[in-house]
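So that the names make sense, note that chain A is the first sequence line, chain B the second, and so on, each numbered from 1.
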Amino acid sequence: MISKTTVAILLFLTISKFTSAQDAQKITLDLAQTSIKAAALGSVIYPGFKVGIERPYKVIQVEKRNGRKIIAKERALTLNVGYYHHETFHDNLFLLSEWQFRRQKSRGWFREFAPGLGVSKTFLGGTTYTVDDKNNVSIKKAAGYTYGMFSLSSGFGYDFSVKKDKPFKLYIKTSLLFMAPYNSFVYLRPTVELGVNYKLNSFLKASPKLITR
Amino acid sequence: MKNITLIIALLLFVSCQKEEISSGIKISDTFYVDNQSASMRVLVEGNIASKTILLWVHGGPGASSYFYNSDYISKNIEDKYAVAYWDQRDAGASQGSINGEELTLKTMTTDLKEVISVLKHRYGKEVGIFMIGHSFGGMLSAFFVTTENYQEMLKGWIMFSGAHNYPLNDELTKTDLIYYAEQQIAKKKKVSEWTEILNFCKTIDPGKVTGEQSAKLNAYATATESYFDEIKPYSITGLVKKNAVSQKYPITNLFLNLRYSQSSKLNIELFDYQLSSKLHKVTIPVLTMYGKYDLICPPKLGDDVIKNISSKIKSQVILPNSSHGGMLQDEELFCKEINNFIRTNK
């Protein structure tokens, strides 16, 4: 017969062994850093681009399964310049600041969501004319409109710094751009961006607040 | 980054200033006309060497001239004359800022006058312009030709399934709905649908159509387009699917402009508006074309136009297989009659 004490000792040893094994597998994620982004932006089928800078200000690291899994909830502010060209309709140049919520997993994959606010300047897709009261026709130079812009975007990507020690991420993101006041209403434009996010390790170094849970 | 932005802005600035005017028998020019916080797209396609332009005034308010730019028209009208597809304010590819207060017949008539001025500026003062107004565009074009001496800017006016008198339109729609409902019920075709229409029409007091009833009459008239065996089916959705990419539609712009214009004050103001009493001012050549089965804008509206205008040259055409989309349903006859009218009066 195995005594209760023997069982207790065996159980303790087993748990200790298991726990130490977990400690050995404990995963860490590097703290998010300032990065620059560049993306090809497709607005429906019309080409464009988006470039910007991303600066994290808070990271919440959540350990799961005793540290074998870790998720970093990164919060960052981004500032972007975007552009697309819709032939015969308009060209749109916009400045957009996004409040970015990223969920970075320990295997390298991440998903993100970002509402944004900005300003858009359109340039009409053709020569634009005005006619005065005496019926004189003249060309309006750089014709277009300035709109307030609101955006919602979400996407996913892979961070190559997690497993492969490369300082960049690749991502794909879909966005809806809302521009107003547009013909007394709102204009809505869907976009897709495929981009790269390159981590800057020395330039504009960020010190995001780290919270662990 | 700053430098890149500056370079892009500069390139855009320079490119947007350049005035490109095509010549020849197969042009495709897009330009914009700016008036009262709206920039309206105009596409001119076809044979500008003919020095003749057919200018579309589309329906809605809030639809788009894209829906009239069919392959058939390209092959059978644009080969002879140029066709100008104008998107009205708050419609189609037109853009702007806060301009809702300007969505009125008066401002839109000024827009139209300016579009014609720009067409003449671009393609020469000698260019002859024929205007074709469809549906709501019939009202706008009627307002144009009865305003001051604006009709002098035109060589001719084509009223195509247009509405120049909304109260009369409602009465004629009601009368035709009752006529066809009784006929189709007797033929045992779409009996439940026609019975519902008949019952509704009988609740309307003669000469007293309310705004709500008017909207419902229009909805029933639209629904009947698929009830007749005699009508050639047409699909605006099909046209959009076919042309959206090749003609570079700004899809969301089309949809949001339509939604805004359809719920605007203009529709309410037009409910009891009529121009029959002003049509006597019209002296230029006029052609009216209506679909035989058009219950949205019934063919008798054309009779009212012909009866009231003072033009010496005037003619009427009924499109035998059409409802409200005659340019797609009876396209051969449609193009033939347009070409004849232009050839005779240019």
Heavy-atom distances under 4.5 Å only: say whether A/L188 touches chain B with side chain, backbone, both or neither. both
By a 4.5 Å heavy-atom criterion (distance strictly below it), what part of A/F89 contacts chain B: side chain, backbone, both, or neither? both
Donor on one side chain, acceptor on other, B/S117 and A/N135, under 3.5 Å: yes
Would you say B/E19 and A/Y129 are linked by a side-chain donor-acceptor pair, where the criterion is simply a distance under 3.5 Å? yes
Above 12 or not: heavy atoms from other molecules or residues under 6.0 Å from OH of A/Y198? no
Does NZ belonging to A/K105 count more than 12 external heavy atoms closer than 6.0 Å? no
Please classify the contact of [X] with chain A as side chain, backbone, both or neither, using a heavy-atom distance under 4.5 Å.
| X | value |
| --- | --- |
| B/A38 | backbone |
| B/R259 | side chain |
| B/S37 | backbone |
| B/K120 | neither |
| B/N257 | side chain |
| B/E20 | backbone |
| B/Y249 | backbone |

Nearest 0.5 Å, what's the [atom1]-[atom2] distance between [X] and [Y]?
| X | Y | atom1 | atom2 | result |
| --- | --- | --- | --- | --- |
| B/I21 | A/T127 | CD1 | OG1 | 7.5 Å |
| A/F178 | B/L256 | CZ | CG | 9.5 Å |
| B/T30 | A/L124 | OG1 | CG | 11.5 Å |
| A/T128 | B/R41 | OG1 | CZ | 13.0 Å |

Please walk me through it: do A/V44 and B/I251 pass side chain to side chain contact (heavy atoms under 4.5 Å, CB included)? CA-CA 9 Å; A/V44 196; B/I251 293 281; over 6 Å; no
Counting N and O atoms only, with roles assigned by atom type, does the side chain of A/H86 sit under 3.5 Å from a partner on the main chain of B/K248, one being a donor and the other an acceptor? yes
Counting heavy-atom pairs under 4.5 Å to chain B, which of A/V186, A/T88, A/T130 comes out on top? A/T88
Between B/G100, B/S264, B/S39, which has the largest tally of heavy atom pairs under 4.5 Å with chain A? B/S39
Heavy-atom pairs under 4.5 Å with chain A: which of B/N253, B/I98, B/N35 has the most? B/N253
Can you name the closest pair of heavy atoms from [X] and [Y] and give their distance?
| X | Y | value |
| --- | --- | --- |
| B/E114 | A/V131 | OE2-O, 3.5 Å |
| B/N99 | A/S184 | N-OG, 2.8 Å |
| B/T252 | A/Y187 | OG1-CE1, 3.2 Å |

Given B/L119, B/V33, B/V118, the one that forms side-chain contact (heavy atoms from CB on, under 4.5 Å) with A/V137: B/V118
